[in-house]
Amino acid sequence: MELADRAVGFLLSIISLSIFTYYTLWVVILPFVDSDHFIHKYFLPQDYAILIPVFAGVVLLCLLCVFIGFVMLKSKKKKA
């Protein structure tokens, strides 16, 4: 089981690092590259650089609120 946990942790680390690298290149470096350069075809338009993290944050906040609500309802049922 320990090997499986390490493999999952390694996989999540690689995914996180690749997303961070992609987003950093997209937001920090790409605006300084000429617009006709071939690298632009690998990235979404700059508008999505704000919309995607905001949308992900709202979804995460909603899921967190739903989880807290379920926990509160479950603990209320145990007391009764």
Side-chain angles (χ1 to χ4, degrees):
M1 189 66 172
E2 183 179 318
L3 184 61
D5 290 341
R6 292 182 77 173
V8 169
F10 181 73
L11 181 66
L12 288 175
S13 297
I14 294 297
I15 291 171
S16 300
L17 187 63
S18 63
I19 290 173
F20 175 76
T21 305
Y22 179 85
Y23 189 77
T24 302
L25 288 173
W26 183 26
V27 173
V28 177
I29 304 218
L30 200 62
F32 298 109
V33 178
D34 292 334
S35 60
D36 59 344
H37 198 272
F38 76 93
I39 195 91
H40 280 276
K41 68 180 177 181
Y42 298 112
F43 294 92
L44 292 172
Q46 289 289 329
D47 299 339
Y48 292 110
I50 299 298
L51 292 176
I52 291 173
V54 167
F55 180 73
V58 168
V59 168
L60 184 64
L61 187 63
C62 289
L63 290 174
L64 183 64
C65 289
V66 167
F67 174 74
I68 290 172
F70 277 134
V71 169
M72 289 174 64
L73 287 174
K74 203 177 224 184
S75 68
K76 194 173 189 181
K77 287 181 182 178
K78 276 187 177 181
K79 288 182 181 179

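Quick caveat: nothing in here was measured; it's all calculated off a predicted structure.
Open room surrounds CZ on Phe55; 12 or fewer heavy atoms of other groups in view lie less than 6.0 Å from it. Crowding of Ile50 atom CD1: a count of heavy atoms from other residues, nucleotides or ligands under 6.0 Å not exceeding 12.
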Return a table of donor-acceptor pairs under 3.5 angstrom between the side chains of residues 40-47 and protein atoms on other chains or two or more places apart.
from  : atom 1 : to    : atom 2 : distance (Å)
His40 : NE2    : Val33 : O      : 3.4
His40 : NE2    : Asp34 : O      : 3.0
Gln46 : NE2    : Trp26 : O      : 3.1

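Val54 and Leu63 are members of different hydrophobic clusters when ILVMFWY side chains are connected at heavy-atom separations under 4.5 Å. In the hydrophobic clustering of ILVMFWY residues, with side-chain heavy atoms under 4.5 Å counting as a link, Leu3 and Leu12 come out apart. Criterion: ILVMFWY side-chain heavy atoms under 4.5 Å apart, direct or through other members. Under it, Ile52 and Leu60 are not part of a common hydrophobic cluster. By the criterion of side-chain heavy atoms lying less than 4.5 angstrom apart, applied directly or through intervening Ile, Leu, Val, Met, Phe, Trp or Tyr residues, Val27 is not grouped with Ile19; the two fall into different hydrophobic clusters. Phe67 and Leu73 are not part of a single hydrophobic cluster, where members link through side-chain heavy atoms under 4.5 Å apart.
Here the side chain of Ser18 pairs a donor or acceptor atom with the backbone of Ile15 at under 3.5 angstrom.
Val58 places a side-chain heavy atom less than 4.5 Å from the side chain of Cys62.
Scanning both residues, Tyr23 and Pro53, for their nearest heavy atoms gives OH-CG, 3.6 Å.
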